[in-house]
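These values consider heavy atoms only, across backbone and side chains, with no hydrogens, waters or symmetry-generated copies. Below, chains carry the letters A, B, ... as their sequence lines are ordered, and counting in each starts from 1.
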2 protein chains.
Amino acid sequence: MAGGGKREARSRFERIYALLRSRICLLDYPPGMRLREEDLAEEFATSRTPVRRVLARLEDEGFLRSVHGVGTIVTDIDIDSLQQVYQLRVELAELVGKLSPVRPDAARLEEFRALLDRCDRLKGEPDAREFARINMDFFHLLMTLTANEPLREFSERLYYQTTRIWLKTAARLTRYEDMLQAEIRFFRHEVADIVAAIESGELETVGHIRRSHVAMSFARLYAEAHPQSP
Amino acid sequence: MAGGGKREARSRFERIYALLRSRICLLDYPPGMRLREEDLAEEFATSRTPVRRVLARLEDEGFLRSVHGVGTIVTDIDIDSLQQVYQLRVELAELVGKLSPVRPDAARLEEFRALLDRCDRLKGEPDAREFARINMDFFHLLMTLTANEPLREFSERLYYQTTRIWLKTAARLTRYEDMLQAEIRFFRHEVADIVAAIESGELETVGHIRRSHVAMSFARLYAEAHPQSP
DNA sequence: GTGCGGTCATTTGTACACAACATCATGCAC
DNA sequence: GTGCATGATGTTGTGTACAAATGACCGCAC
């Protein structure tokens, strides 16, 4: 076996899937947008069939909704309907570091530290999109701290479902520069805390830190959407 | 709109999906079995296309594995690889009753109580398949105790992935009658405990009870597969 | 007898044509 | 002018033919 045929087909599927999901989560495909299977097929130089395979999965995961005769529509999100998702995300965050914890090696640890530099650079030139990307890389690094496959899979699902709401909320604010700056500071603090916890080998502490930060992040978003009454 | 066209297509998809998943979990389709898309298409009086949509989802969820040129194969399972799945299942079990708890109404409560009768009847005529079915009904009833949609979805995924191992282990034992009787007793005890907790309004306690029973169930299975050394 | 190569049957993956369905514009009746 | 029927247009869902890939079988050389 030359080792390429079938694996190539599979990797292509994963590539298209990851790309489309990324576009949805970065709001390149904003909620409500209609995707055309034929356009996507043309972009990836294939027919509708493999594209439909990807769209079906994204629909199963709640990112899309295909309606016969109408189109494939990016699902809408709002902070209220995501409350349950966040509640579960908070719980799962704590489980990372508790179930099948994996101590990172030197190289992995260096990747964590590199995020601190990226945060600092971002502070000089704030950009919501770049922030979202760093946040995503950080998340994936965190997932390497547990070997529990189902936990990783579910956490990833919840993460991608909730990450859109941040960019959407930020885009709505008239002066979102302040919020962005503040969020970047919060985030850098979280990364620093977690790096410290990792360095002292307290993987379970990582889970607790992460849990509280996810919860607080949601609280801030929620407050932003629901101006408090006296 | 006469209200039937598209919804019918969707309900058909769900029906086929639930049926195939059920067959896999009840070992009607045992691990390693090869399914033929064309056969399934014929059974459901349709073409391969809708069947492939269902198989793709079952593959995404880890029940099947399609191999080009070979067939669609029911995935194998073993107690060791399911350890992580069980660990997460235990944690999620506790969250039911904690996240968005829903107090059951009188009718729902009656359904719980009815399970006790089914258990008692089962004691008189032990049957692994019927036991698995009661267990499944009980699980679905438990899911009505939380309104957290993602939690329900994930719990369901983990439940179906782990339920197969029980029947598989039981089928292997030479004298599985004893084990079955014992398991039925354990299970009836669990149902009774949980009914009592529900009646006193302690939904969070339900989660704790469930957690410990799932954990102990796994421990028994694990011990069965790994004869203890002194 | 054994190992190797090729041929064939079988099955999933892909491409494409067509059906089902929803939406919007158009025009006609009143 | 308004309301409704009707057709045009566009999109996803389904059926089907064909390509790609795998494994089994057979025959042949040695």
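Across the protein-nucleic acid pair, Glu38(B) atom CD and dG13(C) atom C1' stand 14 Å apart, rounded to whole Å. Here dT14(D) presents its P atom at 14 Å from CZ of Phe44(B), a figure rounded to the nearest Å. Atom CZ in Arg52(B) sits roughly 12 Å away from atom P in dA15(C) (whole-Å rounding). Atom pair His68(A):NE2 and dC21(C):C1' shows a separation of 5 Å (rounding to whole Å applied). The distance between atom CZ of Arg10(A) and atom P of dA21(D), rounded to the nearest whole Å, is 15 Å. In this entry the distance linking CZ of Phe13(A) with C1' of dT14(C) reads 15 Å, nearest Å.
With a 6.0 Å cutoff to the six-membered ring centre and a 45° limit on the axis angle, Arg53(B) counts as a cation-pi contact of Phe13(B).
Thr49(B) has no side-chain polar atom (N or O) that falls below the 4.0 Å cut-off from OP1 or OP2 of dG15(D). For Thr46(B) and dT14(D), the shortest distance from a side-chain N or O to OP1 or OP2 is not below 4.0 Å. Distances shorter than 4.0 Å separate none of the side-chain N or O atoms of Ser66(A) from OP1 or OP2 on dT11(D). Between dT11(C) and Arg34(B), a contact under 4.0 Å exists linking OP1 or OP2 to a side-chain N or O.
With hydrogens and angles ignored, a donor-acceptor pair closer than 3.5 Å exists between the side chain of Arg48(B) and the base of dG13(C).
Between Thr75(B) and Pro31(B), the closest side-chain pair of non-hydrogen atoms is not below 4.5 Å. You'll find the side chain of Leu167(A) stays beyond 4.5 Å of the side chain of Phe131(A), heavy atoms only.
We find that Lys168(A) and Asp76(A) are joined by a salt bridge, their nearest charged nitrogen and carboxylate oxygen being less than 4.0 Å apart.
The side chain of Ser47(A) lies closest to dA15(C) when the candidates are dT12(C), dG13(D), dA15(C). For Pro50(B), the listed nucleotide lying nearest its side chain is dG15(D); candidates were dA20(D), dG15(D), dT14(C).
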